[in-house]
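Order of the sequence lines fixes the chain letters, A, B, ..., with proteins taken first and strands second; residue numbering starts at 1 for each chain.
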Protein chains: 2
Amino acid sequence: MLLKAIADEKRLRLISLLLREKGEFYVCEIADALEESQYNVSKYLKELKMANLVKERRIGKGVLYSTIEPEEDFSRLIFNAILSIPDDYTKRERQLLRLRTTMREGDRCVVRIQNEHWKEAIEKSKVD
Amino acid sequence: MLLKAIADEKRLRLISLLLREKGEFYVCEIADALEESQYNVSKYLKELKMANLVKERRIGKGVLYSTIEPEEDFSRLIFNAILSIPDDYTKRERQLLRLRTTMREGDRCVVRIQNEHWKEAIEKSKVD
DNA sequence: TGCTCATATGCGCATTATAGCATACGTTAG
DNA sequence: CTAACGTATGCTATAATGCGCATATGAGCA
């Protein structure tokens with residue numbers, strides 16, 4: 001059920017992020033942006049995929065996720081509703097995602113939330 | 001959280017019903033239309049009220065519920081999404097609610113889903 | 001072929017949500 | 001005041017959900 005998929009705080013943040021930053025992102029990039037574990041982000045994406053909200057595309061070892069252009073009215077209107085949520089809701093996550101994608105090296109994960117490099121990068125870019 | 005309130009099948013049906021049949025309805029009427037117990041419907045309505053989707057008005061012993069005109073963009077857009085769900089979704093419930101309101105006698109409950117009168121009335125009106 | 005890396009998934013546990021029942025609450029009628 | 005009635009709520013059992021961990025899968029590379 002679509003509504004159950006987005007009725008969870010973490011998943012709502014994730015889909016909001018993807019909707020605002022229109023593009024394709026690797027799982028590990030999303031995990032870093034959300035400051036969440038990789039396996040949890042994988043699970044979130046799975047549920048969003050089952051609800052037909054996101055699609056995936058494999059590039060080498062990595063998998064790129066992006067939102068789906070909805071075919072049903074209901075999904076489209078739900079997307080509208082999500083996009084009406086004030087910017088602030090995903091401000092930090094969007095800043096982190098942008099910072100993170102500047103470091104992208106093909107399908108290599110490069111950094112990780114657990115990694116000190118990432119925390120340092122966050123500090124230096126004065127995110128938040 | 002608004003989304004959690006409507007992410008439940010029963011509550012989604014209830015709010016859909018109220019949105020389509022714009023008007024005020026007694027708890028027992030809604031219970032009969034949904035063919036659900038009174039105490040569960042009370043609980044559904046409570047959650048919808050906490051999500052600022054419905055309001056209540058007491059008339060004698062009974063309590064009338066109706067949808068709220070949303071002030072937030074998000075709520076308004078969610079209402080749009082719910083209204084985009086095909087008619088069929090609440091067809092039976094709307095038929096039952098209409099049948100039920102024709103029997104209304106002020107704040108008296110009159111019938112009940114458990115009651116044989118109600119089942120007979122449903123049969124006779126060839127609902128569904 | 002075997003290793004490494006990015007992502008996915010199965011499992012056990014803790015937390016939360018839900019249904020049904022019994023009963024409390026609030027209002028009206030007698 | 002008390003009884004009756006419509007509605008709300010507390011309690012308990014059970015089902016569903018989410019998290020962290022360990023590990024599986026699948027692709028590229030040595």
Residue closer to the 5' end of DNA chain D, B/Glu56 versus A/Asp8 (nearest nucleotide):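 With A/Asp8 and B/Glu56 compared, the 5'-side residue is B/Glu56.
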Closest-nucleotide 5' rank along DNA chain D - winner of B/Val110 and A/Lys4: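 Checking each residue's closest nucleotide, the 5'-ward one belongs to B/Val110.
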Carboxylate-amine/guanidinium contact B/Lys119 B/Glu123, below 4.0 Å: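 Not counted as a salt bridge, because no side-chain N and carboxylate O are separated by less than 4.0 Å.
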Test: A/Arg20 and A/Glu93 ion pair at under 4.0 Å: no
Gap between atom OG1 of B/Thr102 and atom CG of B/Leu97 - 0.5 Å precision: 10.0 Å
Length of the line joining [X]:[atom1] and [N]:[atom2], which is rounded to integer Å:
X	N	atom1	atom2	result
A/Glu105	C/dA6	CD	C1'	14 Å
B/Arg57	D/dG6	CZ	P	18 Å
B/Lys61	D/dA3	NZ	C1'	10 Å
B/Lys49	D/dA8	NZ	P	7 Å
A/Asp107	D/dC29	CG	C1'	11 Å
A/Leu64	D/dG26	CG	P	19 Å
A/Leu34	D/dG18	CG	P	15 Å
B/Glu47	C/dT16	CD	P	15 Å

Under-4.0 Å side-chain N/O to phosphate OP1/OP2 contact, [X] with [N]:
X	N	value
B/Asn40	C/dG20	yes
A/Lys10	D/dG18	no
A/Tyr39	D/dT25	no
A/Lys43	D/dG20	no
B/Tyr65	D/dA8	yes
B/Arg58	D/dG6	no

B/Tyr44 or A/Val41, whichever maps to the more 5' nucleotide of DNA chain C: A/Val41
Full working for salt bridge (Lys or Arg N to Asp or Glu O under 4.0 Å) between A/Asp88 and A/Lys91: CA-CA 5 Å; A/Asp88 281 24; A/Lys91 191 181 174 196; 5.7 Å; no
Any N/O donor-acceptor pair, A/Gln38 side-chain to C/dA6 base, under 3.5 Å: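 For A/Gln38, whose side chain was compared with the base of C/dA6, there is no donor-acceptor pair (under 3.5 Å).
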Least distance between heavy atoms, B/Ala5 atom then B/Glu47 atom: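 For B/Ala5 and B/Glu47, the tightest heavy-atom pair comes out as CB-O, 4.1 Å.
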Nucleotide nearest B/Tyr26 (side chain, heavy atoms from C-beta), chosen from D/dT7, C/dT7, C/dA6: D/dT7
